[in-house]
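Before any comments, here is the structure.
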Amino acid sequence: MRRTLGPTLRAAFEDGRTRTLRVVAVLDDRSSPYQVLLDRSTVRAHDPSALAEVVHRTGPPGEMPGGREVSVAAHAGSADAEEDRLVWVFTLLLVGLTAGYPAPAVANTLLMATAGRRADSRVLRLSGATDRQVLRTVAAETAFVVALGTLLGGLVALPSLLGIRAGLSGLLGMPVDLVVPWPPVLGAAGACLLLALAGSLLPTRSALRAGP
């Protein structure tokens with residue numbers, strides 16, 4: 001609220017009454033998640049049912065009726081657990097939609113491209129390559145294309161992720177780690193690889209069975 005020590009301000013409480021408060025401290029280190037901190041007696045005088053969500057213990061352990069003592073890490077984890085779960089669900093849906101909608105188009109493109117290369121497969125076979133060697137060549141080409149596409153996709157997304165991290169770091173005033181959800185990303189890449197192999201090997205195998 002950009003206040004300094006000494007001045008007073010008018011505050012409206014839960015019961016509708018207003019009161020003049022004097023600023024006795026200013027926190028500039030962002031150690032508190034709230035804009036204004038009041039002493040317990042002032043708050044309870046206007047709202048007897050007000051309860052503190054978190055009590056930071058500085059002395060030895062004692063009884064806390066209606067509460068339980070947890071570590072700082074456990075409290076932070078429980079507070080962010082639901083948000084983390086929603087973020088993971090959104091990430092999975094996003095990856096699923098991104099990889100799912102183009103799947104028919106990718107499969108159709110691979111089928112058409114492989115059908116157009118039947119002559120190349122027959123040339124390899126007539127030059128002495130076995131059917132298995134031809135299929136291995138097609139599989140290696142397909143795997144290379146999928147790996148190249150995955151790498152290029154990651155390079156395209158990297159500047160955006162770095163920009164988001166820089167923005168969050170400036171907003172929070174602390175460094176933010178770049179966390180990549182590897183299981184969904186690798187799962188999507190693996191699904192694309194399986195789809196690409198199916199779309200390229202099956203037509204090639206059919207063409208080889210048809211003979212030269």
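Since this is a predicted model, take the numbers as computed values, not measurements.
In this structure, L86 and D84 have side chains that are not in contact, with every pair of non-hydrogen atoms separated by 4.5 Å or more. Counting heavy atoms from C-beta outward, L94 and L97 have side chains that stay 4.5 Å or more apart. Between L38 and L21 the shortest side-chain heavy-atom distance falls below 4.5 Å.
Side-chain atoms of D15 come within 3.5 Å of backbone atoms of R17 as a donor-acceptor pair (strictly under, hydrogens ignored). At least one donor-acceptor pair under 3.5 Å links the side chain of R44 to the backbone N or O of P48.
For D47, there are no salt bridge (charged side-chain N to carboxylate O under 4.0 Å, His left out) partners, not counting sequence neighbours. In this structure, the side chain to side chain contact (heavy atoms under 4.5 Å, CB included) partners of V176, at least two apart in sequence or on a different chain, are R165, L168, S169, L172. Taking A188 as the reference, V95, A99 meet the side chain to side chain contact (heavy atoms under 4.5 Å, CB included) condition, with sequence neighbours excluded. With sequence neighbours excluded, the residues forming a side chain to side chain contact (heavy atoms under 4.5 Å, CB included) with V89 are R85, L93, listed by chain and number. Evaluation of the side chain to side chain contact (heavy atoms under 4.5 Å, CB included) rule for L158 yields L162, L178 as partners, not counting sequence neighbours.
Here S41 contributes atom OG and H46 contributes atom NE2; the two are 9.5 Å apart, rounded to the nearest 0.5 Å. Distance check, rounded to the nearest 0.5 Å: OG1 of T204 to CG of D120 gives 10.0 Å.
Dense packing is recorded around CZ of R10, with more than 12 heavy atoms of other residues, nucleotides or ligands lying under 6.0 Å away.
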Show me the donor-acceptor pairs within less than 3.5 Å that the side chains of residues 133-147 make with the rest of the protein, sequence neighbours left out.
unit_1	atom_1	unit_2	atom_2	d
Q133	OE1	T130	N	3.1
T137	OG1	Q133	O	2.9
E141	OE1	R117	NH1	2.9
E141	OE1	R117	NH2	3.4
T142	OG1	V138	O	2.8
T142	OG1	S200	OG	3.0

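Placement of L202 and L195 in two distinct hydrophobic clusters is found when ILVMFWY residues are connected by side-chain heavy-atom separations under 4.5 Å, directly or transitively. Residue F90 is not grouped with residue I164 when hydrophobic side chains (ILVMFWY) are merged at heavy-atom distances under 4.5 angstrom, including chains of intermediate members.
When all heavy atoms are compared, the tightest approach of L124 to S127 is O-OG, 2.7 Å. Across A189 and T150, no two heavy atoms sit closer than the pair CB-OG1, 4.0 Å.
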